[in-house]
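Heads up, the thing below is written out as structure tokens.
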Number of protein chains: 2
Amino acid sequence: MVPPVRGLTIADAASTLGLSVDTLRYYERDGLLLRAVPRSASGHRRFGPDDLRWIDLVTKLRSTGMPIRDVRRYAELVRAGDGNESERLGLLHAHRRLVLDQLAAVQENLAAIDKKIGIYEDRLLDPERTPGRSVEA
Amino acid sequence: MVPPVRGLTIADAASTLGLSVDTLRYYERDGLLLRAVPRSASGHRRFGPDDLRWIDLVTKLRSTGMPIRDVRRYAELVRAGDGNESERLGLLHAHRRLVLDQLAAVQENLAAIDKKIGIYEDRLLDPERTPGRSVEA
DNA sequence: GCTTGATCTGGAGCATGCTCCAGGTGTGAC
DNA sequence: GTCACACCTGGAGCATGCTCCAGATCAAGC
């Protein structure tokens, strides 16, 4: 009796992860995964728990703005095995810094936009008493 | 005596705003500005304070992730003049919601990445006592 | 006046990150 | 077996947002 190939089909993996099947295949082709995804006898991908966990991390990195190229670099380091932990750490730290900076910048800019929203709300609530409004408002 | 055309050259405007001259020309072409930028007698752009203030707002919208198309829509509303304030407000509110959602998502994902960073730091500090580490680390 | 460098226009090109397609094979219900 | 549908590969296409280029004109120091 042949051991059955376990794991999710690409469609199931995609819906579990919130990605498209095309994106999953693209990630594999582009070297973002730790290994070639295992296949069934007929050549269909079967995503195991480890694959799903890794891809979940990849989506976290991606959705915080890490470029594909850096995710690939990180995957390469992990694939290379023990001994480069400090390099992995450096990569993650650098990313963390970038994300924090971007968060701060977005929050600052959002504050300015909120101010603009406040101006419109005041104007709509009290259309008469419109103070000197800037030309670009 | 001809009144001199005032305002910053495109290079000065670009460096003031932190954009490239190409981007400024692109924004004008693409309808993101409130008006055609005034020109000197010879046809060179001269950015006035109002232009700069507006473009500064545009950069805040852009850097919080508003697509070009929506910025253009907003500019169209402002250009159309009084009477559509609630539509402008709706656009800004919708954007604000999106930004807040994205901020929350990024913060959540960053927390997961921070956890990973913590794992690497522990491992580097105490390489002996390495607990069962996940295969995808 | 000459030269160097800025600016102009219209349009092409490019980096990123998917997304879609054709043509073919596999799968599962009936 | 048949039908509908999922999956495969290699490669093309696309949306976004700039960025660059050619060829011409303008500006300013000497």
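So that the names make sense, note that chain A is the first sequence line, chain B the second, and so on, each numbered from 1.
Contact between the side-chain N/O atoms of Thr23(A) and the OP1/OP2 oxygens of dT19(C) is found at a separation under 4.0 Å. Close to dC7(D), at under 4.0 Å from its OP1 or OP2, lies a side-chain N or O of Thr9(A). One finds no side-chain N or O of Arg39(B) lying less than 4.0 angstrom from the OP1 or OP2 phosphate oxygen of dC26(D).
Taken to the nearest 0.5 Å, the CD1 atom of Ile68(B) stands 6.0 Å off from the CG atom of Asp30(B). With rounding to the nearest 0.5 angstrom, the CG atom of Leu92(A) is 7.0 Å from the CG atom of Leu61(A). For the atom pair CE of Met66(A) and NZ of Lys60(A), the computed distance is 13.5 Å after rounding to the nearest 0.5 Å. Here His95(B) contributes atom NE2 and Gln102(B) contributes atom CD; the two are 8.0 Å apart, rounded to the nearest 0.5 Å.
Although no hydrogens or angles enter the test, the distance criterion places no donor-acceptor pair under 3.5 Å between the side chain of Arg96(B) and the main chain of Asp114(A).
Using bins of under 30°, 30° to 60° and over 60° for the plane-to-plane angle, the ring pair Tyr120(A)/Tyr74(B) lands in the perpendicular bin.
When rounded to the nearest whole Å, the span between CG of Asp22(B) and P of dT9(C) equals 12 Å. The nearest whole Å value for the distance from the CG atom in Leu17(A) to the P atom in dC18(C) is 13 Å. Atom pair Arg45(A):CZ and dG26(C):C1' shows a separation of 14 Å (rounding to whole Å applied).
Contact detail for Leu52(B) and Phe47(B): the closest heavy-atom pair is CD2-CB, 4.0 Å. Across all non-hydrogen atoms, the minimal contact from Ile10(B) to Leu24(B) is O-CD1, 3.7 Å. Scanning both residues, Val71(B) and Arg62(B), for their nearest heavy atoms gives CG2-CD, 4.0 Å.
End-to-end axis angle for the helix from dG1(C)-dC30(D) to dC30(C)-dG1(D), using five pairs per end and rounding to 10°, comes out at 20°.
At a threshold of 4.0 Å, the pair Asp51(B)-Arg35(B) counts as salt-bridged, since one of the basic side-chain nitrogens sits closer than that to a carboxylate oxygen.
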Collect all protein-nucleotide pairs involving nucleotides 13-16 of chain C in which both atoms are nitrogen or oxygen and the distance is under 3.5 Å.
| unit_1 | atom_1 | unit_2 | atom_2 | d |
| --- | --- | --- | --- | --- |
| dT16(C) | OP1 | Arg69(A) | NH2 | 2.7 |

Find every protein N or O atom lying less than 3.5 Å from an N or O atom of nucleotides 27-30 of chain D, and list the pairs.
| unit_1 | atom_1 | unit_2 | atom_2 | d |
| --- | --- | --- | --- | --- |
| dA27(D) | OP1 | Ser42(B) | OG | 2.7 |

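Taking Ser42(A) as the reference, Ser40(A), His44(A) meet the side-chain contact (heavy atoms from CB on, under 4.5 Å) condition, with sequence neighbours excluded. For Arg73(B), the side chain to side chain donor-acceptor pair (under 3.5 Å) partners two or more places apart in sequence, or in a different chain, are Glu87(B).
Listed in residue order, the members of residues 24-33 of chain B having a heavy atom less than 4.0 Å from DNA chain D are Tyr26(B), Tyr27(B).
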